[in-house]
**Student:** 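The structure follows.
Within every chain, numbering begins at 1; the chains are lettered A, B, ... in the order of the sequence lines, protein sequences first and strands thereafter. Side chains are part of it too, since the values below use all heavy atoms of this structure and drop only hydrogens, waters and symmetry mates. As the structure is a computational prediction, the values presented were derived from the model and not from experiment.
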Amino acid sequence: MADFDLGAAFIPALHKPAALLPIAKHRESLLYLVETSPVTIVVGQTGSGKSTQIPQFLEQAGWCADGKVIGITQPRRVAATTVAIRVAQEFGCEVGKEVGYSIRFEDVTSESTRIKFLTDGLLIREALVDPLLSRYSVIMVDEAHERSISSDILLGLLKKIRKKRPDLRIIISSATLQAEDFRDFFAEPQEETTTDGKHTGDIASIVSLEGRTYPINILYLETPAEDYLEKAVSTVLDIHTNEPKGDILVFLTGREEIEQAVQAVSERSTQLPPGSQSILPLPLYAGLPTDQQMYVFEEAPENYRKVIFSTNISEASVTIDGIVYVVDSGFVKLRAYNPKTGIESLTATPISKSSAAQRAGRAGRTKPGKCFRLYTDEAYQSLSEANVPEIQRSNLAPFVLQLKALGIDNVLRFDFITSPPAELMIRALELLYSLGALDDYAKLTKPLGLRMAELAVEPMMAKTLLSAPSFGCLSEFLTIAAMTSLGGNIWIQHEGEKKQSESAKRRFAAEEGDHLTLLNVYQAFVTKGRKESRFCHENLLNFKTLTRAVSIRAQLKRYLERFGLNVDESLAAHSTSTTANNRAEQIQRCLTAGYFAHAARMQPDGTFRNVSGTTVLHAHPSSIMFNRKAGWVIFHEVMETGSKTFVRDVTRIEKSWLLEYAPEFYKTG
DNA sequence: AGCTCTTAG
């Protein structure tokens, strides 16, 4: 490119012409497979063009005749939108016309849409109104190997739908390792196996597409590292001094480690020999404000080498160009739900082999790369092959509720590609029963259970919202539901500005606890923060997440109005101090009606104990209740990290309310 | 006295 002396008259093509992609030569065989086989499993490497090309091949081959649609699901919203935009460009139409996408809050499709990209979760919700997904002729489940709960459930539904709709074609895109699991999942029971080892019951065909990646040289430690964080920092400096140019991506487990590493590298880089290239260390994690995340995508200034310290967000969700070196700590923070205690934990665990391969692959996207694994070859050999599917380590209550709403009564016998442990299912059923979403026969109750399933919030919050009209605080709970579903990230945290952030929080603090504090923050945001850009800045509030809260609140409000519930916004706005007290109490009572299972009592030493007295809980330092005295409280969330179990979003209640609103649940007390 | 991996509706 640099050889051309034509200046700005030429710009590089944004995309490779489709004909140059390796997938082009597989066009006919792919179409033949889809035509003849009900399920096609596409094993495609990075850069094979499967997500962009297959839908176009199908459209050209007539799969959209009679107004039918080709649906392609993605595990993430960004993927659904960016791939749709790209395919629309290649197709030569405006996004939303022949090629469109649909994600929560954004439906960019029309009557003429033939190729539709959407998230897995949204397609499951479409099944609530169209159980056979009859608008679609082909459904392609992209990135199925990631084994998210939604794509697992979607595959189970598709298997069921296929029996009633033999015309439906299913395409699953997968990594090599899982392809056979998907094939076996769709196989129909047969006794015999043919001599070539092929099951006669297979209805799925596997096709492999080569990708366009460069070779990666993988290096291990000779002896285990005592401290992988220190080792990561020294490895980065070694690469910087000994290896040719190219940016570095370092996989660590969380924010704290990342900030430490960034700090350490910037300190040590001052000791580099004079005249050498400088290092630009950058953090990357999901909780980082968007503007700071953007730095990692910018080209480093001349004479700087970019080093990105990242969480798992860079493993699949985010792609950064120009990475030549990967440093892999071998650890990831993984969420797991304990069905015995109902407590989620978040702990650093060794990654799987497939994760390690994925991380290494990040080095070979633009030219040959190197991956430095901060563990021994032996340690690598002892890693598990693949990650434990999300469905086996999550609170299943929201999904059991969705399955029930889809008419699947016997969820224990639902055809899961990997069955969740029975304990997880039972715990979910028990919770839904205690909330009144299921009756004595484990059938979905109407209208309560059905409405809970339709609301896009967790079951306990759904119950709270649907109870709110009888406490006269529906408007307030629309806000609280929206704010809690943001999962933190309401406050911007700058390094070394902890004091300011504390005092900013105190400006909105409510004596009753975090839920009313969140309500105050939201009120202030919609009255001032949305118009004055300084407001969020001065109060260290995250404009983007609060804007999202406004969208979520509006969506929830539409649902409740559809249920015929009247949302009176006038009462919330102006209230005298006596009605304000009463209003606070109604909110606390209503919260108890949905979150009674999340109750705790403060001990003289300032920690909390759950109702059965078996678990010690700590108020999270971000809570208003941190370092305050309280009696009984309700909390939104409980999570074990490291050695402590923290509760977040905590509000005072009266003990007697527990018995008043959940007599069944607490009858033995 | 001291802190959440990621993602979706």
**Student:** Compute both the distance and the angle, then confirm whether A/Lys353 meets the cation-pi test with A/Tyr380: under 6.0 Å from the six-membered ring centre, within 45 degrees of the axis.
**Tutor:**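 Checked: cation-pi criterion met.
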**Student:** Mind listing the closest non-hydrogen atom pair of A/Leu556 and A/Leu478 along with its distance?
**Tutor:**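 The pair with the smallest heavy-atom distance is CB-CD2, 3.7 Å.
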**Student:** Which of these nucleotides, B/dG9, B/dT7, B/dC3, is closest to any side-chain atom of A/Arg104?
**Tutor:**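 Shortest atom-to-atom distance from the side chain points to B/dG9.
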**Student:** Among B/dG2, B/dT6, B/dG9, which is the nearest nucleotide to the side chain of A/Pro621?
**Tutor:**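 Nearest to the side chain of A/Pro621 among the choices is B/dG2.
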**Student:** Write down the distance between CG (A/Asp107) and P (B/dG9), rounded to a whole number of angstrom.
**Tutor:**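 Atom-to-atom, A/Asp107 to B/dG9, this comes out as 12 Å.
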**Student:** Centroid separation under 6.0 Å, is that true for the rings of A/Tyr595 and A/His636?
**Tutor:**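 Yes, the ring centres sit under 6.0 Å apart.
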**Student:** Rounding to a whole Å, what distance do you find between A/Leu157:CG and B/dG9:C1'?
**Tutor:**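 A/Leu157 atom CG is separated from B/dG9 atom C1' by 15 Å.
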**Student:** Round to the nearest Å and state the distance from A/Glu256 atom CD to B/dG2 atom C1'.
**Tutor:**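 After rounding, the reported distance stands at 10 Å.
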**Student:** In whole Å, what is the span from the CG atom of A/Asp152 to the C1' atom of B/dT7?
**Tutor:**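 One finds 14 Å between C1' of B/dT7 and CG of A/Asp152, rounded.
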**Student:** So, is A/Ser317 near the phosphate of B/dT7, with a side-chain N or O under 4.0 Å from OP1 or OP2?
**Tutor:**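 Result: yes.
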**Student:** Pick the nucleotide of DNA chain B nearest each of A/Val457 and A/Gly487; which residue has the one closer to the 5' end?
**Tutor:**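 The residue closer to the strand's 5' end, by nearest nucleotide, is A/Gly487.
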**Student:** Rounding to an integer number of Å, can you tell me how far A/Leu396 CG sits from B/dG9 P?
**Tutor:**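 Rounded to the whole Å, the gap is 19 Å.
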**Student:** Are A/Ser151 and A/Asp120 linked by a side-chain donor-acceptor pair shorter than 3.5 Å?
**Tutor:**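 The criterion, which ignores hydrogens and geometry beyond distance, is not satisfied for A/Asp120 and A/Ser151.
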**Student:** Mind calculating the distance between CD (A/Glu390) and P (B/dT6) to the nearest angstrom?
**Tutor:**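 It works out to 13 Å between those atoms.
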**Student:** Given B/dG9, B/dA1, B/dT7, identify the nucleotide with an atom nearest to the side chain of A/Arg125.
**Tutor:**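 Of the options given, the side chain of A/Arg125 lies nearest B/dG9.
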**Student:** How would you label the contact of A/Glu458 with the nucleic acid (heavy atoms, under 4.0 Å): base, sugar-phosphate, or nothing?
**Tutor:**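 Base contact.
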**Student:** Contact class for A/Asn627 (heavy atom, under 4.0 Å): base, sugar-phosphate, or nothing?
**Tutor:**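 Touches a base.
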**Student:** Could you work out which one of B/dG2, B/dT7, B/dC3 sits closest to the side chain of A/Lys644?
**Tutor:**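 Closest nucleotide among those given: B/dG2.
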**Student:** Choose from B/dA8, B/dG9, B/dC3 the nucleotide whose nearest atom is closest to any side-chain atom of A/Arg76.
**Tutor:**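 The nucleotide sitting nearest to the side chain is B/dA8.
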**Student:** Any base atoms under 4.0 Å from A/Thr641, or only sugar-phosphate, or nothing? Heavy atoms, all strands.
**Tutor:**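 Sugar-phosphate contact only.
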**Student:** Tell me, please, which residues at least two apart from A/Ser173 pass side-chain contact (heavy atoms from CB on, under 4.5 Å).
**Tutor:**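 side-chain contact (heavy atoms from CB on, under 4.5 Å) check on A/Ser173 returns A/Lys50, A/Met140, A/Asp142.
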**Student:** Could you check how far CG of A/Leu556 sits from P of B/dG9, rounded to whole Å?
**Tutor:**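 Atom CG in A/Leu556 sits about 13 Å away from atom P in B/dG9.
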**Student:** Hey, does the side chain of A/Thr311 come within less than 4.0 Å of B/dT6's phosphate (OP1/OP2), counting only N and O?
**Tutor:**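 For B/dT6, OP1 or OP2 has a side-chain N or O of A/Thr311 closer than 4.0 Å.
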**Student:** Scan A/Phe626 against the nucleic acid and name what it touches under 4.0 Å (heavy atoms): base, sugar-phosphate only, or nothing.
**Tutor:**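 The residue A/Phe626 makes base contact.
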**Student:** Quick check: on DNA chain B, is the nucleotide nearest A/Val318 upstream (toward 5') of the one nearest A/Ser622, or the reverse? Name the residue that is more 5'.
**Tutor:**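 On the 5' side of the pair lies A/Ser622.
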**Student:** Provide, to the nearest angstrom, the distance between the CZ atom belonging to A/Arg628 and the C1' atom belonging to B/dA1.
**Tutor:**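 One finds 15 Å between C1' of B/dA1 and CZ of A/Arg628, rounded.
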**Student:** Have a look at A/Leu122 and say if it touches a base, only the backbone sugar-phosphate, or nothing, with a 4.0 Å heavy-atom cut-off.
**Tutor:**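 The residue A/Leu122 makes sugar-phosphate contact but no base contact.
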**Student:** Where do A/Ala510 and A/Asn520 come nearest, in terms of heavy atoms and distance?
**Tutor:**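 Looking at all heavy atoms of both residues, the closest pair is CB-ND2, 3.9 Å.
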